[in-house]
Every structure is written in C-alpha cells, then in structure tokens.
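Worksheet: one structure, shown below.
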2 protein chains.
Amino acid sequence: MPKARPVHREAYERKAQIIKALAHPSRLMIVDALSEGEKCVQDLTEIVGSDMSTVSKHLTVMKAAGIVVDRKQGLQAIYRLRVPCILKFFGCVDAVLRANEESWRAASGG
Amino acid sequence: MPKARPVHREAYERKAQIIKALAHPSRLMIVDALSEGEKCVQDLTEIVGSDMSTVSKHLTVMKAAGIVVDRKQGLQAIYRLRVPCILKFFGCVDAVLRANEESWRAASGG
DNA sequence: TCCATGTTTGGCTATTGTGCCAAATATGCC
DNA sequence: GGCATATTTGGCACAATAGCCAAACATGGA
C-alpha cells in the first residue's frame, strides 16, 4: 500500500507559482520599493535599473501571481502590494542569511 | 543627487537565491514533509514521486541555500529544516491564494 | 486628428533549470 | 576484500526564464 499522504500536486504547483514570482532579485527590489507605497512603472524602472519593458514583464508576472495589483491613473500604471504578509518573507529570508553567515564563520573559524 | 536608495543588488541576489530554492512544487513538498520531522532521501523520494537523483538534486539546492541541513546516519542522509520560519512562507502563500480565489469569484460573479 | 508620454507586447537570443538514466561514491556487513 | 544499500554526480535533452530592442497600444492635450 502506498503512502497515505495525498498528492496535492496542484496545490503545490499554485504555491510554487507564487513563490516563483518572488524569486528574482529585480522582483524583490520591486516588492521592497512597493512596501513604501505604490509606485508607477517608471519609478520602479529607475530603482531596478533594467529596461522598462523588462520591469513591466516582471510586474506582469507578479500581478498574475496575485502579489501586486495595479490601477490606472492617467497615463500611468500604479502598482501596489496586494497582500501585506509578503513582507514577512524578507524577515525569514534574512534569518536564513544570518544562519548561513554563522555557519560559514563556524566552518572557517573553527 | 541621485536617489538615496542604495543598490543592494548583491543582497537581493542572495535573497532571491534562497527564495528560488523554494520555488518549485517538489521542493515545497519536501519542506512540507520535513516540517513533520527529519526524513531520509528515500522517504522524500516516495513522497515527491520523482527519481531519487532528482530529489537529491533538489535537496542539494536547498542545502546550498541554507534551507535544509543533512546528517549522515549509516548509509542514509537525513535531512531537516534549518530555519523554522520557513514554514511561515506557507501561511502567506495561502493568504495570496485565498485572495486570488476571492478576486476570481468577484470578477466572474459580479 | 495629431503628437507626446507611459506602458505593454512581440520576437529573438542567451542562460538557466529540470528530470531521467547511468555511473560513481560512501557506508556497513560478511 | 567483495557485495548490498543509500546517495550523489555526470551528462544530455528539453522546457522555461530573462533581457533587450522595436513596435503596438492607451491616454491626455493642443
């Protein structure tokens, strides 16, 4: 008899989709910038430092994942974070980074 | 004077690296399984349902990112989560999923 | 309507990630 | 040492992603 654990594969796919939408340095920059408040694509383009079309595509990905939403104001598309808890990701990621540094120190130091 | 925002590009790269290591359905399954306690590669292989070599590579990626650690016990490599807060990711991801469903309902229903 | 501005989309190339098989490595037992 | 078991690594085929440029689209103003 196989494992009783149900294979929520679809559920995991959807979750992975969301996490994937965050798994890029430029997109993290964008989230970070948006944590201060909503911004238009131009602002984000300056911050990220890539082509505007590239930034727009990043935003499309994040929007599809449900991480950001946009509204139109005149010519501009203004983006904002959709779910506040996204910011908690950073805290945990930092914790991992700190742990990594410690391990590295421990490994090289003693 | 340019924007005061420093370009912590390297920092973002490192963070993205960690998030990327989670951004895959099989790896999420693994994290989920490990949240119950440490497991060897065989167990995880059964749970994930891929080739053992594939699972091993996933584990290598997560280990390099600092998400899991392994210890050797006889022939087995036993993996466990390294930083507890990883599990909070799921809570937020679920929140995004719920918000997505609501939006979808709102968009189609009214 | 024509033009300027802001954003998105198309298309292409280069890079990276994934998954399987087969082979190599590591450990324990006889 | 030789064999069985558990895991990792190499290598290749395939898919997915990222980035740029150019072109299309949308909006507002003259």
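Numbers restart at 1 for each chain; the letters A, B, ... are given by sequence-line order, proteins then strands.
- In terms of position along DNA chain D, the nucleotide closest to B:Gln76 lies nearer the 5' end than the nucleotide closest to the other residue of the pair B:Gln76 and A:Lys20.
- The backbone N or O of B:His58 sits nowhere less than 3.5 Å from a side-chain atom of B:Arg27 that would complete a donor-acceptor pair.
- One can place CE of B:Met29 at 14 Å from C1' of C:dT18, the figure rounded to the nearest angstrom.
- Distance alone, capped at 3.5 Å, is enough to place a donor-acceptor pair between the B:Arg9 side chain and the A:Val48 backbone.
- If you measure from atom CD1 of A:Ile78 to atom C1' of D:dT27, you get 14 Å, rounded to the nearest angstrom.
- Distance from the side chain of B:His58 is smallest to C:dG19 among D:dT8, C:dG19, C:dT7.
- Of the possible donor and acceptor atoms, none in the side chain of A:Ser56 sits under 3.5 Å from a partner among the backbone N and O of A:Ser53.
- A side chain to side chain contact (heavy atoms under 4.5 Å, CB included) with B:Val68 is found for one member of B:Thr60, B:Leu81, B:Val61, B:Val31 and no other, namely B:Leu81.
- The side chain of A:Lys57 lies closest to C:dG10 when the candidates are D:dC21, D:dT8, C:dG10.
- The distance between atom CD1 of A:Ile30 and atom C1' of C:dT7, rounded to the nearest whole Å, is 14 Å.
- Atom-to-atom, NE2 of A:His24 to C1' of C:dT16 comes out at 11 Å; the value is rounded to the nearest Å.
- B:Val55 is not connected to B:Leu75 by any chain of hydrophobic side-chain contacts under 4.5 Å among Ile, Leu, Val, Met, Phe, Trp and Tyr, and they are in different clusters.
- As rounded to whole Å, 8 Å separates atom P of C:dT7 from atom CG of A:Leu75.
- Between the CG atom of A:Asp51 and the C1' atom of C:dT7 there is a distance of 12 Å, given to the nearest Å.
- Within the 4.0 Å cut-off from OP1 or OP2 of D:dT8, at least one side-chain nitrogen or oxygen of B:Tyr79 is found.
- For a distance-only test at 3.5 Å, the side chain of A:Ser50 fails to qualify as a donor-acceptor partner of the base of D:dC20.
- Taking atom CE on A:Met52 and atom P on D:dC25, their separation rounds to 19 Å, with Å as the unit.
- Distance, A:Met62 CE to C:dT8 P: 11 Å, rounded to whole Å.
- A sub-4.0 Å separation between OP1 or OP2 of C:dT8 and a side-chain N or O of A:Ser56 is present.
- Listed nucleotides C:dA22, C:dT7, D:dA18 differ in distance to B:Ser53; the shortest reach to its side chain belongs to C:dA22.
- Residue B:Lys72 is the one, among B:Lys72 and A:Gly49, whose nearest nucleotide of DNA chain D lies closer to the 5' end (criterion: closest heavy atom).
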